[in-house]
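Order of the sequence lines fixes the chain letters, A, B, ..., with proteins taken first and strands second; residue numbering starts at 1 for each chain.
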Amino acid sequence: MPELPEVETTINGLKTKVLSRTFVDVWSDWKKTIKKPKDFEQFKKELKGKKIKNIWRRAKNIIFDLSDNYSILVHQKMTGHLLYGTWNMEHGIWIPVGKGPLNDPYNRFLHLIFFFDNGKMMALSDVRKFAKVELWKTEELKKELDKIGPEPLEKGFTFEKFEEALKNKKGRIKQILMNPEVIAGIGNIYASEILWQAKIHPEKNVAKLNGKELESIYEATKRVLEIAVKLGGESFSDYRKPDGTKGDFDSERRVYKREGQKCARCGTKIKRIKFGGRSAFFCPVCQKL
DNA sequence: TGCAGTGTTGCTTC
DNA sequence: CGAAGCAACACTGC
């Protein structure tokens, strides 16, 4: 999906709804989403009867800890988002029960539905079908997740930790920020936003950043992500919260997808360049190379 | 009609 | 060997 703030928002929304619920069934019309175990019937068999004990986030992964020491990992990739509600199958299409946000066009692409013991459902809407779902033994999954870089919103993420993570790294700062092995959870939107806040050019070589610049990137990273979580994530793409509504980060979005618009700081036209296969948005005047 | 797109991995090229 | 580029996954919206 979407990035750290959107995943965090999804978890916050689900926590109040699905904690302590037990899975009674699963439906899918795109079984390739289930990567582990690969056989969908096997997945269903193993999942049925398991209870959700905890929900948490690591990088952009959503993890449901279940009874019997199992865990589900959901990665929403580009367009996936988890919704909570009730749907009825009518003429081969899932129709949301009741009106409102669940009728949003982006909430139509349901390819996987979990059924709970209270009659409610958790659905994965995913236009591009890149999302993945895996069932793990909790201990094995934890080992896998240890390979990911530090969590920027955790208390232990000090400036020293940040410096350490960037030490000996080569390349352009934006790509380093987006590398999950360096720092967890930052993607294309927030990398651009963070660097605008920090007044650093996205192509600046990491090795050439001085202490003061590193510090402003560190501060901006925490600040931008915290604000985005508070606002419930972005709202210009097809990301939706579990209740189907949009986040409110748009009021804080300064550069991403704002090519040609005026920089909020100096009025210069925002530029878009492409490297590393992705678009970077920035102000060519107040972000220093 | 053509292109760009929130993520990640793995292959190819230099 | 490392860095960088690119394809793959699949589909919609502009």
Measure from NZ on A/K31 to C1' on C/dA10 and round the result to the nearest Å. 18 Å

Look at the side chain of A/W30 and decide which nucleotide, out of B/dT8, C/dA10, B/dG5, has an atom nearest to it. C/dA10

Assign A/Y106 to base, sugar-phosphate, or nothing according to its heavy-atom contacts below 4.0 angstrom with the strands shown. sugar-phosphate

Here the distance between atom P of C/dA4 and atom NZ of A/K170, to the nearest Å, is 10 Å

By nearest heavy atom, map A/E181 and A/V127 onto DNA chain B; which one lands nearer the 5' end? A/V127

Closest-nucleotide ordering on DNA chain C, the 5'-leading residue of A/P105 and A/G171: A/G171

Parallel, tilted or perpendicular for A/Y218 and A/F159, by the 30°/60° rule? perpendicular

Could you tell me whether A/G277 contacts a base, only the sugar-phosphate backbone, or nothing, with contacts defined as non-hydrogen atoms closer than 4.0 Å? nothing

What residue among A/E151, A/E154, A/E8 forms salt bridge (Lys or Arg N to Asp or Glu O under 4.0 Å) with A/R58? A/E151

Starting at CG of A/L124 and ending at C1' of C/dA10, how long is that distance when rounded to a whole Å? 14 Å

Side chains of A/E193 and A/Q197, donor plus acceptor under 3.5 Å: no

A/K132 near the nucleic acid: base, sugar-phosphate alone, or nothing, with a heavy-atom cut-off under 4.0 Å? nothing

Give a yes-or-no answer on whether the side chains of A/N88 and A/W94 include a donor-acceptor pair shorter than 3.5 Å. no

Please report, rounded to the nearest Å, how far the P atom of C/dG5 is from the CE atom of A/M178. 13 Å

A/D238 CG - B/dG7 P separation (whole Å): 12 Å

Using 30° and 60° as the class limits, which term best fits the ring planes of A/Y190 and A/F249: parallel, tilted or perpendicular? perpendicular

Whether A/D126 and A/K129 form a salt bridge (side-chain N of Lys/Arg under 4.0 Å from carboxylate O of Asp/Glu) is what I want to check. no

With a 4.0 Å limit, can you tell me whether A/K274 has a side-chain N or O closer than that to the phosphate oxygens OP1/OP2 of B/dG5? yes

Do the side chains of A/E134 and A/K35 get close enough for a salt bridge, i.e. N-O under 4.0 angstrom? no

Under the rule of Watson-Crick or G-U wobble with both distances under 3.5 Å, where | means paired to another strand and [ ] a crossing pair, DNA chain C maps to .||||||||.||||

May I have the distance from A/K174 (atom NZ) to C/dA4 (atom P), rounded to whole angstrom? 14 Å

A/K60 side-chain N/O to B/dT8 phosphate OP1/OP2 under 4.0 Å: yes

Expressed in whole Å, how much space separates the P atoms belonging to C/dA8 and B/dC3? 16 Å

Below 4.0 Å: OP1/OP2 of B/dA4 and any side-chain N or O of A/R272: no

Can a side chain N or O of A/R172 be found less than 4.0 Å away from OP1 or OP2 on C/dG5? yes

Using only side-chain N and O atoms of A/S279, determine if any of them is under 4.0 Å from OP1 or OP2 of B/dG5. yes

Are any of A/H75's side-chain N or O atoms less than 4.0 Å away from OP1 or OP2 of B/dT8? yes

A/Q175 CD to C/dC6 P, in whole Å, measures 12 Å

I need the CZ-P distance between A/R128 and B/dA4, as an integer number of Å. 13 Å

Using only side-chain N and O atoms of A/K129, determine if any of them is under 4.0 Å from OP1 or OP2 of C/dC11. yes

Taking NZ, NE, NH1 and NH2 as the nitrogens, is one of them in A/E215 or A/K212 under 4.0 Å from a carboxylate oxygen of the other? no

Which whole number of Å gives the distance between the P atom of C/dG5 and that of B/dG5? 16 Å

